[in-house]
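Inspection log for the structure reproduced underneath, given as structure tokens.
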Amino acid sequence: MDRVYTNLSGKANQHRILILTKLVYALIKNGQCSLSGLGAGMPAGSDVESRVKQAKRWLDSKYSDYESFFLPHIRPLLAGLSKRGPLVRMPSYQ
């Protein structure tokens, strides 16, 4: 993680990274991106309702910005996937 988040130091940012890690874990585990799905999939330590509120606070926080927290995860993921073949964006159906 230190290699990915070289520009984020301090206790508050380390806590934000920990919460993001839990959110990514929950997303992969449950395959759902709803708040209730994220809260249910986060590692236990508190009740589900508290984990849902924690996820919502993280997502709503002005300090959890795209450039600092999401891009460091997305770049290595896309780089790894592109080694397997071309990446194709599928159209969204609504």
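Side chains are part of it too, since the values below use all heavy atoms of this structure and drop only hydrogens, waters and symmetry mates.
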Salt bridge (Lys or Arg N to Asp or Glu O under 4.0 Å) contacts in which one or both residues fall within residues 50-59, not counting sequence neighbours: Glu49-Lys53, Lys56-Asp60

Partner set under side chain to side chain contact (heavy atoms under 4.5 Å, CB included) for Ser36, not counting sequence neighbours: Ser34

Closest non-hydrogen atoms of Gly41 and Ala26, given as atom of the first, atom of the second and distance, are C-CB, 3.4 Å

Taking all non-hydrogen atoms of both residues into account, name the closest pair between Val52 and Leu35 and its distance. CG2-O, 3.6 Å

Is there a path of hydrophobic side-chain contacts, each under 4.5 Å between heavy atoms, that joins Val24 and Leu18? no

Report yes if some heavy atom in the side chain of Leu27 is under 4.5 Å from a heavy atom in the side chain of Leu38; otherwise report no. yes

Partners of Lys29 by side chain to side chain donor-acceptor pair (under 3.5 Å), sequence neighbours excluded? none

Residues that Leu78 engages under side chain to side chain contact (heavy atoms under 4.5 Å, CB included), provided they are two or more places apart: Ile74, Leu87

Same cluster or not: Leu23 versus Tyr63, using hydrophobic residues (I, L, V, M, F, W, Y) connected whenever any side-chain heavy atoms lie under 4.5 Å apart? no

Going by ring pair (Phe, Tyr, Trp, His ring centres under 6.0 Å), name the pairs with one or both residues in residues 23-61, residues two or more places apart or in two chains. Trp58-Phe69, Trp58-Phe70

Contacts of Ser50 meeting side chain to side chain donor-acceptor pair (under 3.5 Å) (sequence neighbours excluded), chain-then-number -> Asp47

